[in-house]
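What follows is a short report on a single structure.
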Amino acid sequence: MPVCLSIQSLVVAGAVGHGASAFALAAEGVEVWPLPTVVLSGHAATPGVRGEQLTGTQIAALAEGVRSGGLAQIDALLLGYLSNVGVAEGLGPLLRDVPPGAAILCDPVLGDDGRLYLPEAMIAAYREHILPYAQILTPNVDELGWLTGMPVRTIEQIHAAAQSIVTKALQVVHITSVPAPRKVGIMTVTAEGAWLSSAPKAPLRVNGAGDFVAALLLAERLRGVPPEIGAARVTAATGALAQEALRLGRDTLPVVAAQRLWQAERHKSHPVERLS
C-alpha cells in the first residue's frame, strides 16, 4: 500500500481539504498521513465557521518531525491549501528531502471566479517555494493565470499558459474547471501533448471538488495510469458526484455516501479529446 503525506486544510464537517481527499485516497488503496494547515469547523463559507490557522513555525515543526521520523516511507506528497507565506517557506526542508521517486502533486489553492482567497504574496510563494519541487500541478483556470501571468480566457490561451510551465521536473499540468458548452472538465498538458476531458456541468457550486480531484489524480499517478486517461476517469467520477450532490441538496461532494458511484465511474472507459 503506497503512503501519501497530505498537507492541507482540516475541517470538522464537510468534504473539504482532508475531508475530501483523505477518504478518496484511502478508498483507492493509499495510506494517508494528514498534516493540517488550518483547523476549521467547516469550509470557509459555512455560517458561523470557527477555527484557526497553524503558523509557519508550527507547520515547520510538524514537517520537521515527519522529516526526521518517517519521510523516507512516503511514496507521494499532496500539497493543498497552505494558508500563508510562512507555511510555504517552512516546508522547504521537507520538500528538499522527499525520497527520490515519490510523486509530488501541488494543488495551488489561491482562489477562483477571478477572486483571490489568499494574499497576493502567496502567488510568488508558490512559484518560489513549491513549484520547483512539484511533478504534477492541478490549478483551476484562474490559478493557472495567476501563476503564469498569462491570459487564460480561451482554450488556446489555457493550453499555452500550461505549456509554458511544463518542464522536465514539472511533468504534468492538469487544469481543472475548464469550461465547455454545458460542460466542465480537465485539460491535461505534458511535454507530449494536450488533452481535454469533460462531463456535464451541474448547476451548483460544490466546495471541495478541487481537493477530491487532486486526490484521485494522484491515485491514478500512483497506479501508473497515463495522465490523460487518469484525468478522463477523474472528470467522469467528479461529474457524477456533483450530480449526486445536486440531487441531495449538498454544497460539498458526498464522497463517502456515494463512494460506489464515483468508483464505478472511474472504472469505465471515458472519451478524451486530443488537442495537440
Side-chain angles (χ1 to χ4, degrees), residues 20-21 24-25 28 78-80 103 105-113 134-148 150 152-166 170-202 204-243 245 253 255 261-263 265-276:
S21 63
L25 283 167
E28 294 299 300
L78 174 58
L79 296 163
L105 185 150
C106 172
D107 181 19
V109 182
L110 290 165
D112 60 16
D113 296 330
Q135 300 158 2
I136 310 161
L137 189 68
T138 62
N140 62 35
V141 173
D142 287 317
E143 290 160 347
L144 177 67
W146 292 322
L147 289 170
T148 62
M150 296 176 66
V152 288
R153 292 186 177 181
T154 68
I155 291 293
E156 293 76 17
Q157 289 176 339
I158 295 169
H159 179 190
Q163 194 68 59
S164 75
I165 55 174
V166 170
L170 180 53
Q171 303 159 0
V172 183
V173 180
H174 293 290
I175 308 95
T176 63
S177 302
V178 174
R182 296 182 298 280
K183 292 187 176 183
V184 66
I186 298 174
M187 182 188 295
T188 299
V189 179
T190 73
E192 285 71 44
W195 298 262
L196 180 64
S197 56
S198 58
K201 181 175 176 59
L204 81 166
R205 179 184 179 85
V206 182
N207 296 289
D211 304 316
F212 176 76
V213 166
L216 284 193
L217 287 171
L218 182 57
E220 295 287 354
R221 169 63 176 253
L222 290 172
R223 283 196 179 88
V225 175
E228 69 276 13
I229 302 302
R233 293 177 178 179
V234 173
T235 298
T238 308
L241 208 50
Q243 294 293 338
L253 296 175
V255 177
L261 172 66
W262 61 260
Q263 286 193 311
E265 285 296 322
R266 270 196 57 262
H267 292 291
K268 296 178 183 177
S269 177
H270 299 283
V272 58
E273 175 187 359
R274 176 141 196 168
L275 302 176
S276 69

- Stepwise, does the side-chain contact (heavy atoms from CB on, under 4.5 Å) test hold for Glu28 with Glu220? CA-CA 9 Å; Glu28 294 299 300; Glu220 295 287 354; 5.6 Å; no
- Taking it one step at a time, do Leu275 and Met187 satisfy side-chain contact (heavy atoms from CB on, under 4.5 Å)? CA-CA 9 Å; Leu275 302 176; Met187 182 188 295; 3.8 Å; yes
- Apply the test side-chain contact (heavy atoms from CB on, under 4.5 Å) to residues Ile165 and Leu144: give CA-CA distance (whole Å), side-chain angles for both, the deciding distance (0.1 Å), then the verdict. CA-CA 10 Å; Ile165 55 174; Leu144 177 67; 4.0 Å; yes
- Message: I'd like to know whether Asp211 forms a side-chain hydrogen bond (donor to acceptor under 3.5 Å, both in side chains) with Ser21, so could you lay out the CA-CA distance, the side-chain angles of the two residues, the decisive distance to 0.1 Å, and finally the verdict.
- Response: CA-CA 6 Å; Asp211 304 316; Ser21 63; over 6 Å; no
- Let me see the working for Leu216 and Trp262 under side-chain contact (heavy atoms from CB on, under 4.5 Å), right down to the final yes or no. CA-CA 10 Å; Leu216 284 193; Trp262 61 260; 3.7 Å; yes
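To the nearest 0.5 Å, atoms CD (Glu228) and NE2 (His174) are separated by 9.0 Å. Here the CZ atom belonging to Arg266 is positioned 10.5 Å from the OG1 atom belonging to Thr238, to the nearest 0.5 angstrom.
The two residues Asp112 and Asp142 make their nearest non-hydrogen contact at C-OD2, 3.3 Å. The nearest pair of heavy atoms linking Val178 to Leu196 is CG1-CD1, 4.0 Å. When all heavy atoms of Ala242 and Leu204 are compared, the closest pair comes out as O-CD2, 4.0 Å. Among all heavy-atom pairs drawn from Ala232 and Val272, the shortest one is CB-CB, 4.3 Å. For the pair Leu222 and Ala103, the tightest heavy-atom approach, listed with the atom from each and the gap, is CD2-CB, 4.5 Å. A pairwise comparison of heavy atoms in Leu25 and Ala215 identifies CD2-O, 3.3 Å as the closest pair.
For Gln243 (side chain) and Ala240 (main-chain N/O), no donor-acceptor pair under 3.5 Å exists by modelled atom type. Listed for the Gln163 side chain is no donor-acceptor partner under 3.5 Å among the backbone atoms of His159. For the pair His270 (side chain) and Ala237 (backbone), a donor-acceptor distance under 3.5 Å is absent. Judged purely by atom type and a 3.5 angstrom limit, Glu143 uses its side chain to pair as donor or acceptor with the backbone of Gly111. With hydrogens and angles ignored, the 3.5 Å screen pairs no side-chain donor or acceptor of Thr235 with any backbone N or O of Ala199.
With a 4.5 Å cut-off on side-chain heavy atoms, Ile136 and Leu217 do not count as touching.
The local environment of CZ in Arg274 is crowded, with over 12 non-hydrogen atoms from other residues, nucleotides or ligands closer than 6.0 Å.
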